[in-house]
Amino acid sequence: MTPREVAALLAYVVRLDPRLTLDDPQAAADRLTQWADLLSDVPAQAHGWDAARVARDHIARSPYRIQPSDVSRPWHTHKADQLGRHVGTFEPTAHPHLDPDDVKGYRRALAAERHAIATGQQAPTTHRAITAGPAAAEVERRLAELGTYMPRTVAQALADYRPRRAEREELATVGRTDPLNVPCPHEHCRAAKGDPCRNIHRVPREKAHPSRIDAAQLAHQETAA
(Lines give C-alpha, C1' and ligand atoms only; values in the text may rest on other atoms or scores of the structure.)
Protein backbone atom coordinates (compact mmCIF):
# COMPACT_ATOMS: atom_id res chain seq x y z
CA MET A 1 0.00 0.00 0.00
CA THR A 2 1.10 3.54 -0.63
CA PRO A 3 1.19 6.00 2.31
CA ARG A 4 -2.03 7.53 0.98
CA GLU A 5 -3.75 4.13 0.98
CA VAL A 6 -2.46 3.39 4.48
CA ALA A 7 -3.78 6.75 5.69
CA ALA A 8 -7.20 5.90 4.25
CA LEU A 9 -7.11 2.49 5.96
CA LEU A 10 -6.16 4.09 9.31
CA ALA A 11 -8.98 6.60 9.00
CA TYR A 12 -11.39 3.72 8.37
CA VAL A 13 -10.26 1.65 11.37
CA VAL A 14 -10.39 4.71 13.65
CA ARG A 15 -14.03 5.21 12.65
CA LEU A 16 -14.73 1.57 13.52
CA ASP A 17 -12.73 1.61 16.77
CA PRO A 18 -12.57 5.09 18.35
CA ARG A 19 -10.05 3.79 20.89
CA LEU A 20 -7.44 4.21 18.15
CA THR A 21 -7.97 7.97 17.98
CA LEU A 22 -4.78 10.00 18.59
CA ASP A 23 -5.08 13.64 19.57
CA ASP A 24 -1.36 14.30 19.24
CA PRO A 25 -0.54 15.11 15.56
CA GLN A 26 3.05 13.90 15.99
CA ALA A 27 1.92 10.56 17.42
CA ALA A 28 -0.56 10.17 14.55
CA ALA A 29 2.18 10.93 12.01
CA ASP A 30 4.53 8.43 13.66
CA ARG A 31 1.83 5.76 13.55
CA LEU A 32 1.19 6.44 9.87
CA THR A 33 4.91 6.11 9.15
CA GLN A 34 5.06 2.83 11.04
CA TRP A 35 1.99 1.34 9.33
CA ALA A 36 3.13 2.52 5.89
CA ASP A 37 6.49 0.82 6.42
CA LEU A 38 5.02 -2.47 7.66
CA LEU A 39 2.29 -2.60 5.01
CA SER A 40 4.41 -1.47 2.05
CA ASP A 41 4.25 -4.97 0.52
CA VAL A 42 0.54 -5.46 1.24
CA PRO A 43 -1.95 -4.32 -1.44
CA ALA A 44 -5.06 -2.40 -0.52
CA GLN A 45 -7.07 -4.57 -2.90
CA ALA A 46 -6.19 -7.59 -5.01
CA HIS A 47 -7.81 -10.70 -6.42
CA GLY A 48 -9.81 -12.16 -3.52
CA TRP A 49 -8.29 -9.65 -1.10
CA ASP A 50 -9.44 -6.43 0.54
CA ALA A 51 -7.32 -4.93 3.34
CA ALA A 52 -10.23 -2.84 4.66
CA ARG A 53 -12.40 -5.96 4.94
CA VAL A 54 -9.63 -7.78 6.82
CA ALA A 55 -9.29 -4.86 9.23
CA ARG A 56 -13.05 -4.73 9.74
CA ASP A 57 -13.24 -8.46 10.45
CA HIS A 58 -10.46 -8.17 13.04
CA ILE A 59 -12.16 -5.28 14.82
CA ALA A 60 -15.48 -7.13 14.77
CA ARG A 61 -14.03 -10.34 16.24
CA SER A 62 -11.13 -9.36 18.47
CA PRO A 63 -11.20 -7.29 21.68
CA TYR A 64 -7.61 -6.20 21.03
CA ARG A 65 -6.65 -3.05 19.18
CA ILE A 66 -5.64 -3.73 15.61
CA GLN A 67 -1.96 -3.74 14.70
CA PRO A 68 -0.29 -3.67 11.26
CA SER A 69 0.51 -7.38 11.62
CA ASP A 70 -3.23 -8.10 11.85
CA VAL A 71 -3.41 -7.02 8.22
CA SER A 72 -0.04 -8.21 6.92
CA ARG A 73 -0.26 -11.76 8.30
CA PRO A 74 -3.58 -12.53 6.58
CA TRP A 75 -2.17 -11.09 3.34
CA HIS A 76 0.86 -13.37 3.35
CA THR A 77 -1.39 -16.34 4.16
CA HIS A 78 -3.65 -15.37 1.28
CA LYS A 79 -0.70 -14.96 -1.08
CA ALA A 80 0.69 -18.39 -0.14
CA ASP A 81 -2.74 -19.93 -0.71
CA GLN A 82 -3.04 -18.33 -4.14
CA LEU A 83 0.40 -19.56 -5.20
CA GLY A 84 -0.35 -23.00 -3.76
CA ARG A 85 -3.54 -23.27 -5.82
CA HIS A 86 -1.75 -22.22 -8.99
CA VAL A 87 -0.89 -25.33 -10.99
CA GLY A 88 1.90 -23.57 -12.88
CA THR A 89 0.64 -24.75 -16.25
CA PHE A 90 1.74 -22.31 -18.92
CA GLU A 91 -1.00 -21.61 -21.47
CA PRO A 92 0.59 -20.63 -24.81
CA THR A 93 -2.69 -19.22 -26.14
CA ALA A 94 -2.50 -16.55 -23.42
CA HIS A 95 0.85 -15.42 -24.86
CA PRO A 96 0.37 -15.42 -28.63
CA HIS A 97 3.33 -13.05 -29.06
CA LEU A 98 5.80 -15.65 -27.79
CA ASP A 99 7.81 -17.77 -30.18
CA PRO A 100 7.43 -21.44 -29.11
CA ASP A 101 11.22 -21.78 -29.38
CA ASP A 102 11.93 -18.71 -27.24
CA VAL A 103 12.92 -20.43 -23.98
CA LYS A 104 14.06 -17.22 -22.28
CA GLY A 105 10.84 -15.48 -23.24
CA TYR A 106 8.85 -18.41 -21.90
CA ARG A 107 10.69 -18.23 -18.56
CA ARG A 108 10.16 -14.48 -18.31
CA ALA A 109 6.45 -14.87 -19.02
CA LEU A 110 6.15 -17.68 -16.48
CA ALA A 111 7.93 -15.60 -13.83
CA ALA A 112 5.73 -12.60 -14.63
CA GLU A 113 2.64 -14.78 -14.29
CA ARG A 114 3.70 -16.02 -10.84
CA HIS A 115 4.52 -12.46 -9.77
CA ALA A 116 1.09 -11.30 -10.90
CA ILE A 117 -0.53 -14.06 -8.84
CA ALA A 118 1.67 -13.37 -5.81
CA THR A 119 0.75 -9.68 -5.88
CA GLY A 120 -2.93 -10.34 -6.43
CA GLN A 121 -3.06 -8.89 -9.94
CA GLN A 122 -4.14 -12.21 -11.45
CA ALA A 123 -6.17 -15.18 -10.26
CA PRO A 124 -4.35 -18.50 -9.94
CA THR A 125 -4.82 -21.08 -12.67
CA THR A 126 -6.39 -24.07 -10.93
CA HIS A 127 -7.22 -27.55 -12.24
CA ARG A 128 -10.82 -26.47 -12.59
CA ALA A 129 -9.83 -23.51 -14.72
CA ILE A 130 -7.83 -25.77 -17.02
CA THR A 131 -10.87 -27.98 -17.58
CA ALA A 132 -13.01 -25.01 -18.58
CA GLY A 133 -12.90 -22.25 -21.14
CA PRO A 134 -11.70 -22.16 -24.76
CA ALA A 135 -8.95 -24.75 -24.29
CA ALA A 136 -11.37 -27.27 -22.77
CA ALA A 137 -13.92 -26.59 -25.53
CA GLU A 138 -11.27 -27.37 -28.13
CA VAL A 139 -10.46 -30.64 -26.37
CA GLU A 140 -14.14 -31.60 -26.30
CA ARG A 141 -14.46 -30.83 -30.01
CA ARG A 142 -11.51 -33.02 -30.90
CA LEU A 143 -12.72 -35.86 -28.69
CA ALA A 144 -16.14 -35.66 -30.33
CA GLU A 145 -14.48 -36.05 -33.72
CA LEU A 146 -12.51 -39.05 -32.54
CA GLY A 147 -15.47 -40.73 -30.87
CA THR A 148 -15.24 -42.98 -27.82
CA TYR A 149 -13.26 -45.77 -29.44
CA MET A 150 -10.52 -47.25 -27.28
CA PRO A 151 -7.83 -49.46 -28.83
CA ARG A 152 -8.16 -53.07 -27.75
CA THR A 153 -4.65 -53.09 -26.29
CA VAL A 154 -5.53 -50.12 -24.05
CA ALA A 155 -8.77 -51.74 -22.90
CA GLN A 156 -6.88 -54.91 -22.00
CA ALA A 157 -4.29 -52.94 -20.06
CA LEU A 158 -7.07 -51.28 -18.05
CA ALA A 159 -9.02 -54.48 -17.42
CA ASP A 160 -7.66 -54.98 -13.88
CA TYR A 161 -8.78 -51.46 -12.91
CA ARG A 162 -12.32 -51.76 -14.25
CA PRO A 163 -13.26 -55.45 -13.93
CA ARG A 164 -17.00 -54.97 -14.42
CA ARG A 165 -16.53 -53.07 -17.68
CA ALA A 166 -13.94 -55.61 -18.83
CA GLU A 167 -16.35 -58.47 -18.13
CA ARG A 168 -19.11 -56.78 -20.13
CA GLU A 169 -16.76 -56.15 -23.04
CA GLU A 170 -15.68 -59.79 -22.98
CA LEU A 171 -19.30 -60.97 -23.04
CA ALA A 172 -19.98 -58.72 -26.02
CA THR A 173 -16.88 -59.99 -27.81
CA VAL A 174 -17.82 -63.66 -27.52
CA GLY A 175 -21.51 -63.02 -28.18
CA ARG A 176 -22.75 -64.12 -24.76
CA THR A 177 -25.66 -62.59 -22.85
CA ASP A 178 -24.88 -59.56 -20.69
CA PRO A 179 -27.21 -59.45 -17.64
CA LEU A 180 -26.66 -55.70 -17.26
CA ASN A 181 -28.37 -55.10 -20.60
CA VAL A 182 -31.74 -55.38 -18.83
CA PRO A 183 -33.12 -54.04 -15.53
CA CYS A 184 -33.08 -56.47 -12.61
CA PRO A 185 -36.57 -57.86 -11.80
CA HIS A 186 -35.54 -59.05 -8.31
CA GLU A 187 -37.93 -57.41 -5.84
CA HIS A 188 -35.16 -56.37 -3.41
CA CYS A 189 -32.83 -55.07 -6.12
CA ARG A 190 -34.54 -53.42 -9.12
CA ALA A 191 -31.18 -52.24 -10.49
CA ALA A 192 -31.52 -50.11 -13.62
CA LYS A 193 -30.14 -51.18 -16.97
CA GLY A 194 -26.35 -50.89 -16.90
CA ASP A 195 -26.15 -50.80 -13.09
CA PRO A 196 -24.89 -53.78 -11.04
CA CYS A 197 -27.24 -55.78 -8.89
CA ARG A 198 -27.32 -54.98 -5.18
CA ASN A 199 -28.00 -57.11 -2.12
CA ILE A 200 -30.57 -56.37 0.54
CA HIS A 201 -28.13 -53.90 2.15
CA ARG A 202 -27.79 -52.05 -1.20
CA VAL A 203 -24.18 -53.19 -1.60
CA PRO A 204 -23.20 -54.04 -5.21
CA ARG A 205 -23.03 -57.77 -5.96
CA GLU A 206 -20.26 -59.36 -7.98
CA LYS A 207 -22.79 -61.46 -9.89
CA ALA A 208 -26.20 -60.59 -11.22
CA HIS A 209 -29.33 -62.11 -9.67
CA PRO A 210 -30.44 -65.35 -11.39
CA SER A 211 -33.75 -63.75 -12.38
CA ARG A 212 -31.86 -60.98 -14.16
CA ILE A 213 -29.70 -63.48 -16.01
CA ASP A 214 -32.87 -65.28 -17.14
CA ALA A 215 -34.45 -62.00 -18.24
CA ALA A 216 -31.31 -61.05 -20.18
CA GLN A 217 -31.20 -64.42 -21.92
CA LEU A 218 -34.86 -64.11 -22.87
CA ALA A 219 -34.29 -60.61 -24.27
CA HIS A 220 -31.24 -61.83 -26.16
CA GLN A 221 -33.23 -64.68 -27.74
CA GLU A 222 -36.06 -62.35 -28.73
CA THR A 223 -33.56 -59.96 -30.35
CA ALA A 224 -31.85 -62.78 -32.25
CA ALA A 225 -35.13 -64.25 -33.47
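Residue numbers count from 1 along this sequence.
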In one Ile/Leu/Val/Met/Phe/Trp/Tyr side-chain cluster, 4.5 Å: L22, W35: no
pair M1-S40: side-chain heavy atoms closer than 4.5 Å: no
Test item: P74 and W49 side chains (from C-beta on) under 4.5 Å apart, heavy atoms: yes
Residues D17, I66; criterion side chain to side chain contact (heavy atoms under 4.5 Å, CB included); working and verdict: CA-CA 9 Å; D17 186 356; I66 190 170; 5.9 Å; no
Close side-chain approach of R56 to Y12, heavy-atom, < 4.5 Å: yes
R53 atom CZ, neighbour heavy-atom count above 12 within 6.0 Å: yes
N/O donor-acceptor pair under 3.5 Å between R198 side chain and R190 backbone: no
Side chains of L38 and Q67 in contact at under 4.5 Å (non-hydrogen atoms): no
L39 versus P68, closest heavy-atom pair with distance: CD2-O, 3.5 Å
Minimum heavy-atom distance H188-R202, with the two atoms named: O-NH1, 3.0 Å
CZ-OG1 distance between R19 and T21, expressed to the nearest 0.5 angstrom: 10.5 Å
CG-OG distance between D57 and S62, expressed to the nearest 0.5 angstrom: 11.5 Å
4.5 Å side-chain heavy-atom contact, I59 and V13: yes
Minimum heavy-atom distance between A191 and P196, given as atom pair plus value: CB-O, 3.4 Å
Heavy-atom check, side chain of L10 versus side chain of L32, under 4.5 Å: yes
Least distance between heavy atoms, P179 atom then A208 atom: CB-CB, 3.6 Å
Exercise: identify the closest heavy-atom pair between P43 and A46: CG-CB, 4.0 Å
Approximate separation, where rounding is to 0.5 Å, of R65 CZ and D70 CG: 13.5 Å
Backbone of E5 reached by a side-chain donor or acceptor of T2 within 3.5 Å: yes
Side-chain donor-acceptor pair present, Q34, D30, cut-off under 3.5 Å: no
Atom NE2 of H76: over 12 foreign heavy atoms under 6.0 Å: yes
R4, CZ: over 12 other non-hydrogen atoms inside 6.0 angstrom: no
Side chain to side chain, L180 and R212, heavy atoms closer than 4.5 Å: yes
Side-chain heavy atoms of R61 within contact of H58, under 4.5 Å: no
Which atom of A219 lies closest to which atom of V182, heavy atoms considered: CB-CG1, 4.0 Å
Check against side chain to side chain contact (heavy atoms under 4.5 Å, CB included), Q82 and H47: CA-CA 9 Å; Q82 295 289 288; H47 180 80; 3.6 Å; yes
